[in-house]
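Here the structure is laid out as structure tokens; the discussion comes afterwards.
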Amino acid sequence: MNNKEEEYKEIFLAEAMENFEEINRLLTVLEKSKNDKNTVHALFRITHTLKGNAAGMGYTGIAEMAHVLEDLFGEVREGKIVLDESLYAPLFKATDVLGALVNSVRDGKEVKYKGIKTKLEVLLKRAHENAADKSEQEPTKVAISNDNPFAPDAIGVGAQPFVEEEAESPDESDTKISFSDLVQVPVRKLDNLLNLVGELIIEKDRILASKVNSGRGSNEYARLSRISSDLQYSVMDVRLVQVGFLFNKFHRVVRDAATLEKKNVVLKLEGTETEIDRNVLQVISDSLIHIVRNAVGHGVESPEERKAAGKPVEGTVWLTAKGETESVIIEIKDDGKGLNYDRIKAKAIAKGLATAEDLERMTQDELSLLIFEPGFSTMDQVTAIAGRGVGMDVVRKTLDSIGGEIKVSSEAGVGTTIQLTLPSSMAVKSCLLFELKEEVYAIPLAYTESVISLYRSSIHKAGGGLVASHLGKNIAIVFLKDVFDYDPIMVGQSNNALQKAYDSVHPEEKLDIVVVTFNNRTVGFVVDKLLQQKEIVEKPLMKPVDKIKFIGGFTILGSGNVCLVLNVPFILHFIFSLSSQGRSSKNFSLN
């Protein structure tokens, strides 16, 4: 049995044991309150759920026992059978057998269940026959008496009603309580545990740093390092959930959106077993709703339009997920009409987002990202779920907040695909450490494309900014000193705010540059000194410094010093804003 099958088996056993215990509890409640309809409804639902889960896993015995109990509680619910004291003994017996069958999945023991199952089936059969024979609409009362269906005469002399002999009823000394191998833990406890592990990692780094400074042996703390790392990744693994946990909720979202738009749309899911940090999934859930609703409202055509275009009347939306090394890629795809780039250009000009010249230079990927601008919509008329220009800008801000990326591709008449690249975990980040003004900062490797060294003479002024050639392309170069020293009052008197540090550098000086990429924009950050690559446990900024947008969080290094983590999405947005608003120069462009 592979790991996935074993994991599904554990999940099934945990739920089945919970169902078994709840059936026992509800039966005791029903025995004392015989007219409690809510309890009967609950018993019916639980046995129905258990039957379906067991059938899906291939556990025939459990499915058969749960099925006959479901039928019996269904008859009680409809008033065809009235439970009295004489029926509770066989019901509790059947429940015990059901529990033994669940336990047998774990320990492999053989459990005889056909006898009690047949008894319940005979009871149901007699109830149906009695209900059919009576003209009065009174419920059939079944009790242990001369009419008892469990008695031989009720079935027929010499008949063998049971497929096999049932095992002897266990006496009180044999009664055991079973425990599931799985436990439910509140997420806040996992968050607290992960925070403590983060403190442990920071303390480990401090000890290792002091070891190096004291000249002690290199293997002395190797075991501490290994155990703390294993503990860290074990806690992170506990927080992982399958994306199917969220994807399965979208059948209703698509159905409701399609009904409002009077369209015929079906949802298809792929890669639901892909695992991701629960916190990441929770953060992007609203964003996914916006995108899926937009796929139905903007993308998929009406049945008449699809028929005229030679497409199936039923549109399709796909939700797919796949795991990469340190990220999870979620795609939302539709087979609709695709993006209308001419309309996107017209709307962008009308809203002042770009000039006609800028739009002509943009690639289709860059044009596609305009749909995430605040207030942007290509719909001429507002519908129930589209046309307000609200939602897609929120999606982008949400993705930026967790270090995610968006990519859009579209083909006219074929459909549109929106790809979200998400971090598999928000707790631990691989970062590149560097020095700036004698302080240590970190850039997440998720945004880092490469590290290069260029002479100052290889960098050139272009309008109010700087450019250099990298891999055959011109990229913007920005001194991080200039970004951190930016003064909106002083910059109004000069258009070279991003050239100040450049002017003070000797032409033959070699510069360390970190090339970062985010949402199809590439910029080279000039830093004072490159240090090392390191995995850090990032902590959020707390009040009163939580409003500093350039910084996404912080960590503590082995030296005990605080290291700030750059908020790359916001820094790039800030630099691009300077360019697009013409504050630095009308000719300066990031790409």
Taking all non-hydrogen atoms of both residues, which atom of V241 and which atom of R278 are closest, and how far apart?
CG2-CA, 4.0 Å
Do the rings of F247 and F250 sit parallel, tilted or perpendicular, given the 30° and 60° boundaries?
perpendicular
Restricting to non-hydrogen atoms, name the atom on L240 and the atom on D277 that form the minimum distance, rounded to 0.1 Å.
CD2-N, 3.5 Å
Would you say the side chains of Q419 and E331 form a donor-acceptor pair under 3.5 Å?
yes
Side-chain (D237) to main-chain (Y233) donor-acceptor, under 3.5 angstrom:
no
Side-chain donor or acceptor of T448 paired with backbone N/O of P444 under 3.5 Å
yes
Quick check: does any side chain N or O of N567 sit under 3.5 Å from a backbone N or O of K549, one acting as donor and the other as acceptor?
yes
Keeping N192 on the side-chain end and R188 on the backbone end, is there a donor-acceptor pair under 3.5 Å?
no
Can you check whether S287's main-chain N or O pairs, donor with acceptor, with T398's side chain at less than 3.5 Å?
no
Treating K311 as the side-chain partner and G336 as the backbone partner, does any N or O pair qualify as donor plus acceptor under 3.5 Å?
yes
I want to know whether F434 and F525 have ring centres closer than 6.0 Å.
no
Is a salt bridge present between R306 and D335, judged by a nitrogen-to-oxygen distance below 4.0 Å?
yes
Are the side chain of E261 and the backbone of A258 linked by a donor-acceptor contact shorter than 3.5 Å?
no
For H470, does the NE2 atom sit with more than 12 other heavy atoms under 6.0 Å from it, leaving out its own atoms?
yes
Step through the shown structure and confirm whether more than 12 heavy atoms of other residues, nucleotides or ligands are within 6.0 Å of NZ on K333.
no
Specify the closest pair of heavy atoms between E275 and V328, including all atoms of both residues, with the distance to one decimal.
O-CG2, 3.5 Å
Please check if the side chain of S327 supplies one atom and the backbone of E324 the other of a donor-acceptor pair under 3.5 Å.
no
Return the orientation label for the F518 and Y447 ring planes: parallel under 30°, perpendicular over 60°, tilted otherwise.
perpendicular
For the side chain of K263 and the backbone of V300, is there at least one donor-acceptor N/O pair under 3.5 Å apart?
yes
Establish, yes or no, whether a centroid distance under 6.0 Å links the rings of Y441 and F484.
yes
